[in-house]
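For reference, the structure discussed in these notes is given below.
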Amino acid sequence: MGLTITEKIMARASGRETVRPGELVWVNVDMAMMQDSGGPRRIANHLEHLNASVWNPDNITIVSDHFVPPSNETEARIQAITRAWVKKYGIKKFHEFEGICHIVPIEKGYVRPGILMVGGDSHSCTGGAMGAMVVALGSTDMLGVVVTGKTWLRVPETIKIVWEGKLPPGTYAKDMVLANLKQLGTAGATYKVLEFTGDTVRNLPLDERIILTNMSIEMGAKTGIIEPDETVLKYMEEKKVEFNPVYSDPDAEYSRILVCEAEELEPLVACPHSPDNVAAAASLSGVSVDQAYIGGCTGGKYHDLATAAGILKGQKVAAGTRLLVAPASQKVLQRALADGVLETLLNAGATLLPPACGPCGGLSMGVLSDGERCISSTNRNFRGRMGSSDSEVYLGSAATVAASSVTGRITDPREFIRS
Amino acid sequence: METIRGRVWKFGDDVNTDVIAPGKYLKLPNDEMAKHVFEGIDPELPEKIKPGDIVVGGANFGSGSSRESAPAAIKYAGVSAVVAVFFARIFFRNAINLGLPVLECPESDKIQQGDELEIDLVNGTIRNLTRGEVYQASRLPEHIQELIKVGGLVPHLEQELEDR
Ligand code: SF4
């Protein structure tokens, strides 16, 4: 019987021929990522107390993005602790003011097809778009990895999600994953892996695939993964690093196979206070918005900004609504600056935020007041996620967010797409 | 610490990390975060929850973020155990690593607010002293029980490094 891509990665990482779902295995970690909120500040004391060092500084990357730039002294101190820590342990893969912890490691070529990676942030599953298995761990688990280079994992079952056909105009990867969330719910993939496949997925650019794997955790998944095809291999070529891509066997076993038709898709929005509370954007046109946000590891990539610019060209953000844009990385910002995407967004009235997590987790500039409503291209809309527990967050594609910012109410982006 | 006795705080399904440990307090250390535990559900809860109390949830407890601050806030508030139908995977691992007992019990829904429970951690039995009922939670593998017993992964690593 064949193996899935995930089982192959886990077998290799645990030094075994094969693994089966349900088995507990110890794995050697190829790469470990931590961010500023859950990273060095939380493990530094323990590491000193244990009188231990890091297992391999070259296999650890630290990305400061949650409290960047710091908005008060406590946050500034967290940044200082992080900087001192990487220096002390000789970690060169350290990035601050460069972008978000799930995007920068992909840009840098750290997330290589076929590797087993762990990340100290729940959206670490994002890296699965590169054909790697990336599993999220909490701080203490990361401490174990940082000291030993190992961790234990249960071999998960895999749900295969097959997307077939052409996406209709006005629909994007965000609408695909919201459709999956509606079907599976926020616990529908708990302890399981989501493997996205099918011609619709293969036709998506990397930026869009990242949305599918990024939001796998919203269904409770251990991670999300996509087999590395031409698009990914070409992207990796420029990185000049070695890697060994692996693929699912044709006779691999899946706990469930979900077939979805792209042609039937329409722009979707997740309503408060859960990402699986999904409705058609067109059905929410009576809902006014105070804030529109394009940003985050999910919705602040170049493709998102360019899509939004396509809608905002020659338009103005509605009076009484504010549009905030935070590029997911410096690189995204540079590219959007170079080709006029940024100019279009600013001309429409957008406010530019630094390339970091921004208001996505209610940590930084752009938080919501009591009773305020935001439409956002991010991944989570739990109560209080972006500020007051009396505020509301709706989630949609960058196109839906852009269209809504022009009308001041939730808007189906097809109203703005001239075909 | 193999038997736990306490009074129940009952929650529903899908209690997520952002309501247990709101993002705006993430910059705080865990003991201070504990003063805001469950604030996203009810701002008065941090006042009401007392050391020794037991938290009981429904399905998918602890979904969302990987923030360890969520189980840490519960632990630092003095809660002695969390029982739920099932847990979100990262929360489950984090709780164990911190030495906070977590029990998956399909009958969690029978437990009500204010009930008095007695939990046997070794074999996973939960006695509802208020209702005179007994439920069976899934038994934690021995190496995980061991981890909880020594107080989590840090003390465990400490032992391991000493033994080297
Ligand atoms: S952008 Fe949002 S979801 Fe992504 S890492 Fe930052 S806080 Fe988390």
Side-chain angles (χ1 to χ4, degrees), chain A residues 24 37-38 41-43 46 49-52 66-67 70 72 74-75 77-78 119-124 135-144 147-148 151-152 154 156 185-187 190-192 217-218 220-222 273-276 360-363 367 380 382-389, chain B residues 13-30 32 39-43 58-72 85-99 141 143-144 147 152-162 164:
Chain A
L24 273 181
S37 175
R41 68 180 277 226
R42 305 235 184 238
I43 68 165
H46 292 314
H49 173 75
L50 291 168
N51 197 17
H66 278 57
F67 303 124
N72 57 47
T74 311
E75 294 181 4
R77 226 169 283 130
I78 293 170
D121 187 284
S122 66
H123 291 101
S124 297
V135 181
L137 298 177
S139 316
T140 304
D141 251 338
M142 285 303 295
L143 172 72
V147 174
T148 64
T151 194
W152 60 267
R154 210 168 63 95
T186 52
T190 303
Y191 295 109
K192 299 198 169 95
I217 177 70
E218 264 36 86
K222 184 169 213 142
H273 294 285
S274 186
D276 63 354
C360 166
L363 301 163
V367 298
R380 224 168 245 167
F382 297 152
R383 186 184 288 280
R385 171 78 181 171
M386 289 179 80
S388 160
S389 47
Chain B
D13 293 344
D14 299 309
V15 173
N16 66 66
T17 51
D18 292 54
V19 295
I20 301 172
K24 59 186 159 201
Y25 305 121
L26 274 182
K27 55 179 170 285
L28 302 178
N30 288 334
E32 277 179 54
E39 206 181 271
I41 293 178
D42 172 359
N60 201 24
F61 191 94
S63 64
S65 161
S66 63
R67 61 187 69 160
E68 209 167 80
S69 327
V85 176
F86 68 92
F87 293 88
R89 100 160 241 282
I90 315 176
F91 181 93
F92 190 70
R93 277 186 86 111
N94 285 344
I96 289 167
N97 284 335
L98 292 172
H143 74 277
I144 302 280
L147 214 61
L153 190 67
V154 176
H156 173 79
L157 277 173
E158 209 167 337
Q159 279 183 2
E160 207 173 88
L161 291 173
E162 264 172 27
R164 266 190 196 167

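Just so it is clear: chains get the letters A, B, ... in the order the sequence lines come, proteins before strands, and each one is counted from 1.
- When all heavy atoms of Asn94(B) and Gly138(A) are compared, the closest pair comes out as OD1-CA, 3.0 Å.
- Heavy atoms closer than 4.5 Å to chain A are found in the side chain of Phe86(B), but not in its backbone.
- There is no contact between Arg77(A) and chain B, counting heavy-atom distances below 4.5 Å.
- Contacts of Ile78(A) with chain B are made by side-chain atoms alone, with heavy-atom separations under 4.5 Å and no backbone atom involved.
- In plain terms, the two heavy atoms of Ala136(A) and Ile90(B) that are nearest each other are CB-CD1, 3.6 Å.
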Applying side chain to side chain contact (heavy atoms under 4.5 Å, CB included) to Asn30(B) and Arg42(A), what does each step give before you reach the verdict? CA-CA 9 Å; Asn30(B) 288 334; Arg42(A) 305 235 184 238; 3.3 Å; yes
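- Taking all atoms of both residues into account, the shortest heavy-atom contact from Ser37(A) to Leu26(B) is OG-CD1, 4.0 Å.
- Interface remark: Leu137(A) contributes backbone and side-chain atoms alike to the contact with chain B (heavy atom separation under 4.5 Å).
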Can His49(A) and Glu158(B) be said to form a side chain to side chain contact (heavy atoms under 4.5 Å, CB included), step by step? CA-CA 9 Å; His49(A) 173 75; Glu158(B) 209 167 337; 3.1 Å; yes
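- Looking at Arg380(A), only its side chain comes within 4.5 Å of chain B, counting heavy atoms on both sides.
- For Leu157(B), the parts lying under 4.5 angstrom from a heavy atom of chain A are both the backbone and the side chain.
- For Asn51(A), no part lies near chain B; criterion is any non-hydrogen pair under 4.5 Å.
- Contacts of Leu24(A) with chain B are made by side-chain atoms alone, with heavy-atom separations under 4.5 Å and no backbone atom involved.
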Verdict with supporting geometry, Arg89(B) and Val135(A), side chain to side chain contact (heavy atoms under 4.5 Å, CB included): CA-CA 11 Å; Arg89(B) 100 160 241 282; Val135(A) 181; 3.0 Å; yes
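- At a 4.5 Å heavy-atom cutoff, the contact between Thr74(A) and chain B is made by side-chain atoms alone.
- Interface remark: Phe92(B) contributes side-chain atoms only to the contact with chain A (heavy atom separation under 4.5 Å).
- Minimum heavy-atom separation, Ser66(B) to Ser122(A): OG-N, 3.0 Å.
- Only the backbone of Leu28(B) comes within contact range of chain A, with heavy atoms under 4.5 Å apart.
- The contact between Ser139(A) and chain B is made by backbone and side chain atoms together, counting heavy-atom distances below 4.5 Å.
- Between His273(A) and Val19(B), every side-chain heavy-atom pair lies at or beyond the 4.5 Å cut-off.
- Only the side chain of Asp14(B) comes within contact range of chain A, with heavy atoms under 4.5 Å apart.
- Distance alone, capped at 3.5 Å, places no donor-acceptor pair between the Asn97(B) side chain and the Thr140(A) backbone.
- Counted by atom type alone, Thr151(A) and Arg93(B) present one or more donor-acceptor pairs between their side chains at under 3.5 Å.
- Residue contact with chain B, scored on non-hydrogen atoms closer than 4.5 Å, involves the side chain of Arg41(A) exclusively.
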